[in-house]
> 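After the structure tokens below, expect a handful of questions from me.
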Amino acid sequence: MVLEEPAPVTPTGPLRPRSGPAATPLPGEVLVEVSACAVCRTDLQLCEGDLPAHRLPIVPGHQVVGRVVAMGDGVDASRLGQRVGVAWLADSCGRCRFCRRGLENLCEVATFTGWDRDGGYAHLLTAAAHSAHPLPEDFDDLSAAPLLCGGVIGYRSLRLAGVGPASEDDRDDHRLGLFGFGSSATVVAQVAAHWGWEVYAVTRSAAEQQRALGLGAAWAGSYDDTPPVPFEAAITFAPVGWVVIRALEAVDRGGTVAINAIHLDRMPEFDYGKLWHERVLRSVANVTRSDVREFLELAPLIPVRTDIEVHPLEQANEALTRVSLGRVAGTAVLEVR
């Protein structure tokens, strides 16, 4: 399913089915036969032009599950037949000042799956071998797909917000606010609870509020409600700037707000008092391969539960439309046959 020109998403466009010969993996690459690819809001932003295209035409999709069916030169032969996941970060230079510090997500020449190179809305894709991650057998293909973006970027958001395993002595002081409760937030809530944090969900959707409570949230309310306690940390998922201000208003002195969005409509002007008292506001940009490895090791231990809505690959436009309208409970996943 190929994007040739960005346009508003409808059940019939802008993606178009295209056929062609399978790509040949270059040295250091693998060819992956895709079985599932989860649909991300970033795919929607790319298709509609909110996220400027790096290359057109392009095959979207960066939460890819499949098996290695061919390899380029220099790839270990044992990888043939391995079940793998391909995530957002396609590759980085490995040499720049960011890569040397373990921040390959900030590499200035990094490339991204479904943005710079063809992604998983297809039967086959090529990927750098070191970016094709072995998947835990605890998750079937469809359930594993949402882990590869919503899960991984949620995990990085937690770490940047200062959230980690709480000791038994100070668990009462660890309260996390989640602003928006879509696919990524459902995973974040489970990881945070596993680490001993109380989770509070802020979302306008009554269904999402109930889903948060079902996952063990201590409280769920709307953006107009005042949370019952100040938060030590907060993560925003909605791609709108005023939600960030709501989160700043809700965190305690010294608290951190992490913005889990690759695109934000704008940041409205706000009073400095909302940031004062050493509150921290920071963005979350992409993920590293170590983020993927760490999260895939952690997910089976919790174990993370993913709620999915399955569509055939040919209905990618319909799946994107449902994401746009907020009608997906959990994550839309394309099943590739």
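Numbers here are sequence positions counted from 1.
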> With hydrophobic residues grouped by side-chain heavy-atom distances under 4.5 Å, do Leu160 and Val292 end up in a single group?
yes

> State whether the number of non-hydrogen atoms from other residues, nucleotides or ligands found under 6.0 Å of Arg204 atom CZ is greater than 12.
no

> Do other residues, nucleotides or ligands put more than 12 heavy atoms under 6.0 Å from Arg55 CZ?
yes

> List the steps and the verdict of salt bridge (charged side-chain N to carboxylate O under 4.0 Å, His left out) for Glu104 and Arg289.
CA-CA 8 Å; Glu104 62 179 349; Arg289 284 172 290 166; 2.8 Å; yes

> Using salt bridge (charged side-chain N to carboxylate O under 4.0 Å, His left out), reason through Arg175 and Glu232 one step at a time and then give a plain yes or no.
CA-CA 5 Å; Arg175 301 183 179 97; Glu232 184 177 344; over 6 Å; no

> Should Arg95 and Arg100 count as side-chain neighbours, where that means a heavy-atom distance under 4.5 Å?
no

> Scan side-chain atoms only and decide if Ser222 and Asp224 contain a donor-acceptor pair under the 3.5 Å cut-off.
no

> Given Leu320, which partner from the list Cys47, Pro60, Pro14 fulfils the side-chain contact (heavy atoms from CB on, under 4.5 Å) test?
Cys47

> May I ask you to decide if Thr236's main-chain N or O and Asn260's side chain share a donor-acceptor pair within less than 3.5 Å?
no

> Please assess Asp141 against Glu335 for the test side chain to side chain contact (heavy atoms under 4.5 Å, CB included), listing each intermediate value before the final yes or no.
CA-CA 9 Å; Asp141 290 359; Glu335 185 174 24; over 6 Å; no

> In terms of side-chain geometry, is the basic nitrogen of Glu249 or Lys274 positioned less than 4.0 Å from the acidic oxygen of its partner?
yes

> Is there a path of hydrophobic side-chain contacts, each under 4.5 Å between heavy atoms, that joins Val244 and Phe237?
no

> Show, in sequence, the C-alpha distance, side-chain angles and deciding distance for Arg327 and Glu309, and conclude whether the salt bridge (charged side-chain N to carboxylate O under 4.0 Å, His left out) test is met.
CA-CA 10 Å; Arg327 294 178 179 170; Glu309 177 183 288; over 6 Å; no

> Are any of the side-chain nitrogens in Arg159 or Asp291 under 4.0 Å away from the carboxylate oxygens of its partner?
no

> Spell out, yes or no, whether Leu89 and Ile58 are grouped together once hydrophobic residues are joined by side-chain heavy atoms under 4.5 Å, including indirect joins.
yes

> Indicate, with yes or no, if the rings of Phe231 and Tyr200 have centres closer together than 6.0 Å.
yes

> Kindly indicate, with the supporting measurements, whether the criterion side-chain hydrogen bond (donor to acceptor under 3.5 Å, both in side chains) is fulfilled by Thr203 and Ser205.
CA-CA 5 Å; Thr203 171; Ser205 166; 4.9 Å; no

> Using 4.0 Å as the upper bound for N to carboxylate O, is an ion pair formed by Glu108 and Arg97?
yes

> Aromatic contact between Phe270 and Trp242, with the criterion being ring centroids under 6.0 Å apart: yes or no?
no

> Side chain to side chain contact (heavy atoms under 4.5 Å, CB included) for Val86 and Gln63? Distances and angles first, verdict last.
CA-CA 6 Å; Val86 180; Gln63 304 181 80; over 6 Å; no

> Short question: side chain of Ser143, backbone of Phe139 - any donor-acceptor pair under 3.5 Å?
no

> Is the backbone N or O of Val65 less than 3.5 Å from a side-chain atom of Ser35, with the two atoms forming a donor-acceptor pair by type?
yes

> Hey, does Ile302 have a side-chain heavy atom less than 4.5 Å from the side chain of Val191?
yes

> When you group the ILVMFWY residues by side-chain heavy-atom contacts below 4.5 Å and let the links chain together, are Val39 and Trp115 in the same group?
yes

> Between the side chains of Asp91 and Arg117, is the shortest nitrogen-to-carboxylate-oxygen separation below 4.0 Å, so that they form an ion pair?
no

> Should Trp88 and Leu148 be regarded as members of a common hydrophobic cluster, given that ILVMFWY residues are connected when their side-chain heavy atoms come within less than 4.5 Å of each other, either directly or indirectly?
no

> Salt-bridged, Asp43 to Arg41, with N to O below 4.0 Å?
no

> Find out whether Asn105 and Val287 are in side-chain contact, i.e. whether some heavy atom of one side chain is under 4.5 Å from a heavy atom of the other.
no

> When you measure from the side chain of Thr113 to the backbone N and O of His62, does any donor-acceptor pair fall under 3.5 Å?
no

> Are Arg322 and His311 close enough that some pair of their side-chain heavy atoms sits under 4.5 Å apart?
yes

> Is the closest side-chain heavy-atom distance between Leu281 and Leu275 below 4.5 Å?
yes

> Would you say the side chains of Thr111 and Asp116 form a donor-acceptor pair under 3.5 Å?
no

